[in-house]
Structures are given as C-alpha cells and as structure tokens.
Amino acid sequence: MKVFKFGGASVKDAEGVRNLLNVLNKTGNSNLLIVVSAMGKTTNALEEVVEAYLKNGNFREKLNLIRNFHQAIISKLFPEGREEISGKTEVIFTTLENFLEHNKSSKYDFVYDQIVSYGELLSTTIVSGFLEKSGVPNKWLDVRELIKTDATYRDAQVNWEETQYEIQKNINPNLLTITQGFIGSDTNNFTTTLGREGSDYTAAIFAYCLNAESVSIWKDVPGVLNGDPRVFQKTQLLEQISYEEAIELAFYGASVIHPKTLQPLQRKEIPLYVKSFLHPEDPGTAVSRGRHLIPQVPCFIVKKNQVLISLSSLDFSFMVEENISDIFRLFHLYQIKVDLIQNSAISFSVCVDNKFNNLEKLMQHLRARFKVEFTKYVSLYTIRHFDEKAIKSLEKDKEVLLKQLTHNTVQMVTRESK
Ligand code: ADP
Ligand code: ASP
Ligand code: MG
C-alpha cells in the first residue's frame with residue numbers, strides 16, 4: 001500500500017480539490033490511503049471559534065464564515081446534485097453546534113480539540129464525495145475510530161498498540177481510503193489532536209501500521225528546500241535526505257515536515273516523498289535510508305516569535321543540576337517547548353516556544369526563585385552544514401542576542417525587527 005497526504009494548501013479551494021483528482025489520475029489510485037487536512041486556513045478559523053466560544057463572544061458569526069467557505073467550494077465542485085454532499089456537511093455542522101450548546105467544560109485544550117477537529121471532517125467529506133462523483137470510488141473513514149491516543153488534548157500521544165490493531169482490522173488495502181489527518185480519540189472517545197500541522201504525522205502512523213511501501217506528502221513547494229522560500233531567497237531543492245538529517249531539520253523547525261513524522265518511517269525504512277501537487281511528475285525530495293544530503297548545501301531554518309529567557313539565582317548560588325532540574329519541571333508543567341539552552345556558572349538562558357500561552361504563569365513561578373529577564377519576539381535561526389558565508393548572510397542587519405555553534409549546526413537568537 002501507499003499513503004498520500006494532502007495538506008491544507010493543496011485543498012484550499014475547489015481548484016485544489018480538482019487538482020487532487022488530477023494528481024490521482026497521474027499516480028494511480030489503487031492500494032492507496034489518502035490523509036487530508038482541513039481546507040486552507042480552516043483550522044485557524046476554528047481556533048477563532050474556540051476563542052470566541054470560551055470568552056462568550058460571537059462564535060456563531062465565525063462559524064457561519066466557515067460554513068459559507070465550505071458551501072462555496074461545494075457549489076463549485078457540484079454544480080448539480082449537491083444535496084447529498086451538502087446534507088452530509090450540514091450534519092457535521094449540526095454535531096458541532098450541539099457540542100457548543102451542551103458542553104459544560106471550560107478546559108481550553110479539551111474544548112479546542114472538540115472544535116478544531118471539524119475542519120478535517122468537513123474536508124474529507126467533500127473530497128470523498130467529489131472523487132466518488134468523478135468516478136473514483138472510495139471509502140471515507142472516521143480516523144477517530146482508528147487512531148487511539150491518551151487524553152493530552154492538543155498534543156495527544158498515540159497508543160501504538162491499539163492504533164495498529166484498529167488500523168489493521170479496519171483498512172481494506174484493496175479499496176481507496178480517504179481519512180482525516182491531525183485527529184484521533186482517547187479512551188473515552190473524546191476527540192484529540194496530534195498538534196498543529198499533525199497531518200503529516202497521521203500519514204506516518206498509517207504507513208507504519210500498514211507496512212506501507214511509501215508515503216508522499218503533496219505540497220505547494222517542489223519538495224524540501226534548503227530554506228523556507230517565504231523567508232529565504234534563492235533556495236535550492238534537496239533531492240535526497242537521510243532520515244537522521246530530516247529529523248534534525250524538522251526538529252529545528254523546518255516546518256515543511258512535522259517533526260514526529262519521520263521516526264515511525266525510519267523504524268521500518270519506509271521512504272517519504274515530498275512532492276509538488278502542481279507538478280506531480282517531478283521527482284521532489286526523497287527522505288530515505290542513504291546519503292545524508294544531496295546536494296550538500298547549508299540549510300536555513302527560522303522559528304519566529306520565540307521568547308528568550310535568562311535566569312540567575314537570587315542567592316548567588318551557581319546554576320547547577322538542582323536549579324536546572326526545577327526549571328525544567330516547570331517548563332514541562334506549563335508545556336513550554338525549549339528550543340535552545342545555554343548555561344554558564346551563574347546564568348541559564350533558554351529560547352522557548354510559548355505556543356500554549358503559559359508564559360505569564362511560568363514567570364510567576366520562576367520569579368519566586370530566580371532573577372528573571374526575558375525578551376519576547378525573538379527569532380531562532382539555525383543553519384545546518386553552515387559555512388562562513390552562510391553565517392555572514394544571516395548576521396547581516398540583525399541584532400544577535402545569543403549564538404551557539406556545534407560541529408555542523410549554528411544557532412542564533414536575534415531580535416525581531418518591529
Ligand atoms: P500543508 O499544506 O501540507 O499544510 P505547509 O504549509 O505545512 O503545507 O508546508 C508547506 C510550506 O512549508 C511551504 O509553502 C513553505 O513555505 C514552508 N516551508 C518551510 N520550510 C521549508 C523548506 N525547508 N522547504 C520547503 N518548504 C518549506
Ligand atoms: N489542519 C491542521 C492544522 O492546520 C493539521 C494539518 O494541517 O496538518 O494544523
Ligand atoms: Mg500544514
């Protein structure tokens with residue numbers, strides 16, 4: 001079997017869904033499982049519904065925008081006979097509205113997962129219906145019955161044993177399967193999500209459990225480049241990357257592949273192809289066993305909107321194991337993701353990602369024990385396989401707050417320009 005993943009950009013409008021069919025016509029669709037993300041920026045729009053809902057704001061208005069967006073796509077894809085598909089998407093909206101009406105929980109992460117998961121349910125319903133009417137029979141599956149996780153909402157951890165069991169029991173390799181990325185369910189059957197951009201990971205979970213031949217993720221770029229083309233100029237296509245190198249790139253923040261995607265594939269040596277959905281015949285990038293990096297060029301990664309925190313003790317003691325382990329316990333408690341660490345005898349600096357918005361709470365705790373300084377709005381740049389020229393090109397015009405060099409990686413924290 002093969003596994004394909006189509007991300008939000010590939011199905012952002014009716015044209016995108018038609019193009020998905022075009023890709024399948026070129027690649028063939030037998031023995032295939034397709035994972036689809038929410039259309040375009042739907043997940044962001046649903047995040048706004050969550051905010052408004054929990055703050056007693058006008059979430060209905062926001063939900064209506066999402067409804068209209070999907071309805072507009074449906075009317076373009078189904079100029080005639082759209083009743084069946086509209087009926088199905090309306091059922092999905094009604095289920096969401098029922099949740100919003102009856103829910104009693106104010107736990108942000110829980111409510112978040114119950115709401116944002118609807119983007120994928122909608123997109124897959126539309127894609128599946130469109131393929132069906134275009135003469136491509138397929139089976140739509142609710143992935144929440146297959147991917148079982150713990151109850152860490154917004155960052156759910158996969159229960160591999162149960163997931164493997166359900167996937168092998170329920171997937172018929174002879175049919176074309178269409179299912180959702182990003183979401184799963186816990187032991188109480190509440191919906192969970194695997195973390196933003198988690199659909200790549202879903203594809204890898206299926207590939208692992210099905211012993212798939214390969215995974216292809218279809219993107220709006222020719223493959224993995226040596227830098228995000230939205231940020232860096234004159235980027236080059238990477239033709240081949242080893243699993244180890246791809247794990248490093250994704251871990252440092254190359255957002256073209258979700259970082260959790262690679263290890264399950266590496267375990268079974270399943271190749272991952274990153275390809276252009278506009279030019280499906282082009283080779284793209286292969287992540288597989290073999291040469292580390294072809295061509296061997298510096299790779300640039302940036303994580304924006306990070307926070308640099310510097311801590312020193314209040315009582316002149318050194319920053320050693322005991323202090324540092326306490327600090328990390330707090331990071332873990334507040335789901336602060338640490339990107340970079342630098343310590344000296346009297347100070348300890350970390351660059352962190354505040355994606356769960358717990359920074360203020362963390363600060364209160366830290367201030368009780370440490371002298372704390374922090375700078376918001378910093379960027380963390382990483383260059384793998386750097387050379388002098390690459391470092392110079394980055395340092396130009398930037399205020400570097402911290403720099404760290406290892407054998408083949410340099411990292412710099414810089415102040416973001418206003
Ligand atoms: P999806 O539609 O699957 O969600 P994403 O938007 O998550 O796709 O990923 C594709 C985007 O990733 C590209 O448009 C590009 O801007 C960005 N990107 C970041 N780093 C890289 C890189 N090293 N190579 C290619 N694209 C990258
Ligand atoms: N729709 C989800 C997101 O936007 C998952 C994904 O696209 O991979 O984060
Ligand atoms: Mg994405």
Side-chain angles (χ1 to χ4, degrees), residues 4-13 16-17 19-20 23 34-48 50 66 112-113 115-124 127 143 147 154-156 179-184 191-205 215-239 241 245-261 272-278 282 284-285 287 293 297-304 355 381-385:
F4 281 5
K5 178 254 169 173
F6 287 91
S10 69
V11 291
K12 70 179 194 311
D13 49 25
V17 179
N19 182 61
L20 186 155
V23 173
I34 303 181
V35 170
V36 186
S37 307
M39 295 176 144
K41 302 278 177 221
T42 301
T43 307
N44 292 3
L46 285 161
E47 283 184 342
E48 289 186 26
V50 178
I66 299 173
Y112 179 102
D113 281 5
I115 297 176
V116 298
S117 46
Y118 279 84
E120 272 68 14
L121 294 169
L122 288 164
S123 66
T124 49
V127 168
V143 79
I147 296 190
R154 289 181 73 201
D155 193 18
T179 196
Q180 305 79 40
F182 181 51
I183 68 179
T191 306
T192 55
T193 65
L194 306 172
R196 283 301 306 263
E197 304 297 331
S199 298
D200 294 350
Y201 182 40
T202 305
I205 296 169
V215 175
S216 303
I217 54 181
W218 299 92
K219 298 273 176 182
D220 59 357
V221 279
V224 182
L225 306 166
N226 72 328
D228 184 342
R230 288 174 302 189
V231 182
F232 302 98
Q233 286 161 358
K234 293 195 199 139
T235 49
Q236 273 174 271
L237 177 69
L238 305 175
E239 292 157 34
I241 316 176
E245 183 61 32
I247 289 169
E248 296 290 345
L249 292 173
F251 178 79
Y252 285 118
S255 60
V256 65
I257 309 173
H258 188 278
K260 281 181 164 176
T261 308
L272 169 72
Y273 301 110
V274 182
K275 289 172 66 100
S276 159
F277 58 70
L278 292 175
D282 288 358
T285 300
V287 179
L293 192 63
V297 287
C299 296
F300 296 82
I301 302 151
V302 62
K303 279 191 178 178
K304 292 197 170 155
K355 67 176 165 192
Y381 285 90
T382 304
I383 317 176
R384 298 269 303 161
H385 315 289

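We count ligands from 1, going down the list as the structure has it; atoms in each ligand are counted the same way. Here the structure is a predicted model, which means the values were calculated and not measured.
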For ligand 2, is any non-hydrogen atom under 4.0 Å from S199's backbone (N, CA, C, O), its side chain (CB onward), both, or neither? both

For atom 8 (O) of ligand 1, find the nearest protein heavy atom and state the residue, atom name and distance (0.1 Å precision). K219 NZ, 3.3 Å

Ignoring angles and geometry beyond distance, decide whether A9 reaches within less than 3.5 Å of ligand 1 through its nitrogen or oxygen atoms. yes

Can you tell me the N, O or S atom of E197 that's nearest the Mg ion (ligand 3)? OE1

If I take atom CG from residue D220 and atom CZ from residue R230, how far apart are they, to the nearest 0.5 angstrom? 7.5 Å

For E197 and ligand 2, does the shortest N/O to N/O distance drop below 3.5 Å? yes

Just to check, does G198 reach to within less than 4.0 Å of ligand 2 when the distance is taken from its heavy atoms? yes

Ignoring hydrogens and geometry, is there a side-chain-to-backbone donor-acceptor pair from T202 to F182 under 3.5 Å? yes

Would you say the side chains of T193 and D113 form a donor-acceptor pair under 3.5 Å? yes

Is a donor on one side and an acceptor on the other found under 3.5 Å between the side chain of E120 and the backbone of A38? yes

Does V256 offer a backbone N or O that forms a donor-acceptor pair with the side chain of K219 under 3.5 Å? yes

Nearest 0.5 Å please: distance from the OG1 atom of T285 over to the NZ atom of K275. 10.0 Å

What do we get for D220 next to ligand 1 when only non-hydrogen atoms under 4.0 Å count, side chain, backbone, both or neither? side chain

If you measure from atom 7 (O) of ligand 2 to every heavy atom of S37, G181, S117, which option wins on shortest distance? S37

Under 3.5 Å: N/O of W218 near N/O of ligand 1: no

Scan F300, Y252, F232 and name whichever one has a side-chain contact (heavy atoms from CB on, under 4.5 Å) with Y381. F232

Specify whether the nearest protein heavy atom to atom 6 (O) of ligand 1 is under 4.0 angstrom away. no

Determine, using heavy atoms of G8 and all atoms of ligand 1, whether some pair is separated by less than 4.0 Å. yes

In this structure, are over 12 heavy atoms from other groups packed under 6.0 Å from K260 atom NZ? yes

Please determine if E120 has a nitrogen or oxygen closer than 3.5 Å to a nitrogen or oxygen of ligand 2. yes

Any donor-acceptor N/O pair, N19 side chain to F277 backbone, under 3.5 Å: yes

Distance filter under 4.0 Å to R196 heavy atoms, resulting ligand 2 atoms: 3 (C), 4 (O), 9 (O)

Give the residue, atom name and distance (to 0.1 Å) of the protein heavy atom nearest atom 27 (C) of ligand 1. V256 CB, 3.5 Å

Whether the side chain of K12 engages the backbone of K41 through a donor-acceptor N/O pair (distance < 3.5 Å, no angle test) should be reported. no

Please identify which atoms of ligand 2 are closer than 4.0 Å to at least one heavy atom of T43. 1 (N), 2 (C), 3 (C), 4 (O)

Using a 3.5 Å cut-off on N or O atoms only, is L225 in polar contact with ligand 1? yes

Using the rule given for side chain to side chain contact (heavy atoms under 4.5 Å, CB included), can you reason through L238 versus N226, listing the C-alpha separation, both sets of side-chain angles and the distance that settles it, and then say yes or no? CA-CA 6 Å; L238 305 175; N226 72 328; 4.0 Å; yes

Ligand 1 and D228, any nitrogen or oxygen pair closer than 3.5 angstrom? yes

Tell me whether G223 reaches ligand 1 (any heavy atom closer than 4.0 angstrom to a ligand atom). yes

Is there a side-chain contact between S123 and T42 in this structure, where contact means two heavy atoms from C-beta onward sitting under 4.5 Å apart? no

Are H258 and ligand 1 in contact, using a heavy-atom cut-off of under 4.0 Å? no

Could you tell me which atoms of ligand 1, counted from 1 in the order shown, lie closer than 4.0 angstrom to a heavy atom of V221? 13 (C), 14 (O), 25 (C), 26 (N)

Does an N or O anywhere in E197 fall below 3.5 Å from an N or O of ligand 1? yes

Could you tell me whether some N/O pair between D200 and ligand 1 is separated by less than 3.5 angstrom? no

Does H258 offer a backbone N or O that forms a donor-acceptor pair with the side chain of E197 under 3.5 Å? no

